[in-house]
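First up is the structure itself, then whatever we jot down about it.
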Amino acid sequence: MRKVTIFGSTGSIGENTVDLIAAAPERYDVVALTGGRNVARLAEQAIALRADLAVTAFDDKYDELKAALAGSGVEVAAGAQAVADAADRPADWFMSAIVGAAGLVPGLRALRHGTTLALANKESLVTAGPHLMAEAAKYGATILPVDSEHSAVFQALVGEDIQAVERVIITASGGAFRDWPLEALENATLAEASAHPNWDMGQRITIDSASMFNKAMELIETKEFFGVHPDMIEAVVHPESLIHALVGFRDGGLMAHLGPPDMRHAIGYALHWPDRGHVPVERLDLAQIGSLNFRVADEARYPALRIARDVMETGGLSGAAFNAAKEAALDAFIAGELGFLGMARVVDEVLNRLQRDNGLSCDILTLDKVLETDHLARKAVKDALAR
Ligand code: NAD
Ligand code: MG
């Protein structure tokens with residue numbers, strides 16, 4: 001039996017992971033599940049999967065979780081520290097599916113077992129890519145990408161020499177506003193930004209898809225995970241979301257990965273790797289689909305993409321600043337304190353300010369520096385909003 005732990009089990013990626021594991025209970029021994037405010041669901045999952053431990057990230061939810069699991073034999077804990085401590089319990093496979101920079105430390109701690117980290121939490125790579133990859137190498141751990149585009153690139157690279165790669169193309173659905181006139185974007189509402197045309201995901205990543213901040217993060221994620229030069233990485237709008245990524249080789253060939261827009265494919269790939277196991281996703285009927293479309297990912301419509309180019313060029317702490325500023329700007333948009341296009345303006349402004357006042361380049365990235373920069377950037381967004 002494989003020991004597994006899921007960070008963020010109550011989220012969209014977490015639920016899909018639970019789904020796959022619950023379908024084969026004889027194969028998995030669930031060590032820990034962690035969630036946030038939805039402790040009723042966390043308790044249900046812990047009982048159904050017979051987990052040893054259930055952790056809510058929020059201290060004020062401890063009593064509720066404790067009550068929901070009374071008599072079940074499942075251990076209970078609460079708080080950010082307890083979430084990270086859950087990573088110290090040995091497991092063969094960890095799913096990192098917390099949303100935001102909060103996913104970084106648990107993932108780093110999990111790497112110390114030298115086993116497998118299935119990484120949905122792209123913020124880990126954006127904020128601290130070089131540190132995360134160095135820690136994985138140090139402990140002999142394997143990181144498997146779970147973001148659909150990066151899982152697709154990973155699969156297209158099996159058996160290939162990375163030196164023969166000329167370009168990596170990740171696709172973008174274009175999000176909720178891909179067909180909106182540019183002038184209308186300024187007044188886009190929270191409800192409009194929270195409806196994705198193709199994928200069913202958590203609210204934050206759905207809004208990030210509409211603003212293309214998600215794709216911006218994924219460009220950086222590609223650079224950090226695969227170690228390819230930023231000039232080799234492209235994004236293209238592909239409204240059907242059936243091709244997830246393509247890898248171009250020096251002989252001109254392109255390897256594309258296709259699949260239905262269902263995260264269980266990428267999660268299942270990481271769960272069964274290096275084997276291919278059965279995954280219950282829809283099978284594509286190409287004749288029925290008929291045609292696939294592609295459009296330029298326009299940096300005028302999507303300023304986040306241009307900002308990502310700057311971040312990749314600066315490197316160092318700029319990813320940590322970028323991610324934290326983006327998270328804080330997104331919080332402000334959700335709270336109604338900032339307009340839709342205001343998010344990119346604030347992120348740009350904060351990055352420029354931190355670059356000028358603090359300098360964001362640095363040779364060796366440490367967790368302390370990353371966390372300090374994260375804090376500075378969030379504060380800078382608050383200051384910018386107050387002005
Ligand atoms: P979600 O909002 O649906 O779920 C997030 C999970 O994290 C929940 O279990 C929540 O309780 C927990 N959580 C929230 N705040 C926390 C905190 N401060 N500390 C600890 N736990 C906390 O998010 P999601 O859409 O499942 O996304 C999870 C991650 O996967 C994100 O990094 C996202 O970018 C990435 N991702 C998601 C999808 C998708 O289809 N949803 C696709 C690709 C990548
Ligand atoms: Mg993705």
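For ligands, and for the atoms within them, numbers begin at 1 and follow the listed sequence.
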Indicate yes or no: does [X] engage [Y] in a salt bridge with an N to O separation below 4.0 Å.
| X | Y | value |
| --- | --- | --- |
| D85 | R109 | yes |
| D331 | K382 | no |
| R387 | E349 | yes |
| R178 | D298 | no |
| R204 | E123 | no |
| E372 | K369 | no |

Practice item. Please work out whether any backbone atom (N, CA, C, O) or any side-chain heavy atom from C-beta onward of M263 is under 4.0 Å from ligand 1, and answer side chain, backbone, both or neither. Key: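 Side chain only; the backbone of M263 stays clear of ligand 1.
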
What protein heavy atom sits nearest [atom], and how far off is it?
| atom | result |
| --- | --- |
| atom 4 (O) of ligand 1 | G11 CA, 3.1 Å |
| atom 34 (O) of ligand 1 | K122 CE, 3.2 Å |
| atom 32 (O) of ligand 1 | E123 OE1, 2.7 Å |
| atom 25 (O) of ligand 1 | G202 N, 3.0 Å |
| atom 19 (N) of ligand 1 | A57 CB, 3.4 Å |
| atom 26 (O) of ligand 1 | I13 N, 2.9 Å |
| atom 18 (N) of ligand 1 | A102 CB, 3.6 Å |
| atom 43 (C) of ligand 1 | D147 OD1, 3.0 Å |

Revision key, fill the gap. Per-atom filter on ligand 1: closer than 4.0 angstrom to a heavy atom of M201 are 39 (C), 40 (O), 41 (N)

**Study point:** Numbering as shown, the atoms of ligand 1 that approach T10 to under 4.0 Å (heavy-atom distance)
**Key:**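 Counting atoms of ligand 1 from 1, those under 4.0 Å from T10 are 8 (C), 9 (O), 11 (O).
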
Just go through [options] and tell me whose heavy atom is the nearest to [atom].
| atom | options | answer |
| --- | --- | --- |
| atom 3 (O) of ligand 1 | G8, A120, G35, S12 | S12 |
| atom 31 (C) of ligand 1 | L119, I98, I205 | I98 |
| atom 6 (C) of ligand 1 | G36, A97, S9 | A97 |
| atom 14 (C) of ligand 1 | V39, L125, L33, V99 | V99 |

Point to revise | Worked check of salt bridge (Lys or Arg N to Asp or Glu O under 4.0 Å) between D52 and K3 | key: CA-CA 11 Å; D52 299 340; K3 287 181 178 288; 5.4 Å; no

Check your understanding: What heavy-atom pair brings S209 and H196 nearest, and what distance separates the two atoms?
Key -> CB-CD2, 3.6 Å

Point to revise | Heavy-atom side-chain contact between M212 and R301 under 4.5 Å | key: no

Check your understanding: Run the ring pair (Phe, Tyr, Trp, His ring centres under 6.0 Å) check on W199 and H265 step by step: do they pass?
Key -> CA-CA 13 Å; W199 297 87; H265 171 76; over 10 Å; no

Check your understanding: Does some non-hydrogen atom of R204 fall short of 4.0 Å from ligand 1?
Key -> no

Check your understanding: Could a heavy atom of V83 be found less than 4.0 Å from some atom of ligand 1?
Key -> no

Exercise for review: In sequence, state the C-alpha distance, the side-chain angles, and the governing distance for E149 and K122, and then conclude on salt bridge (Lys or Arg N to Asp or Glu O under 4.0 Å).
Suggested key: CA-CA 11 Å; E149 297 75 7; K122 63 190 79 185; 5.5 Å; no

Study note, to complete from the structure: Row for the Mg ion (ligand 2): angle OE2 (E218) to OE1 (E149), 10° precision, value 100°

Check your understanding: Under 3.5 Å, is there a donor-acceptor pair between the side chain of S9 and the main chain of G35?
Key -> no

Review point. Considering only N, O or S atoms, which atom of D147 is nearest to the Mg ion (ligand 2)?
Key: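 Going through the N, O and S atoms of D147 one by one, OD1 ends up nearest to the Mg ion (ligand 2).
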
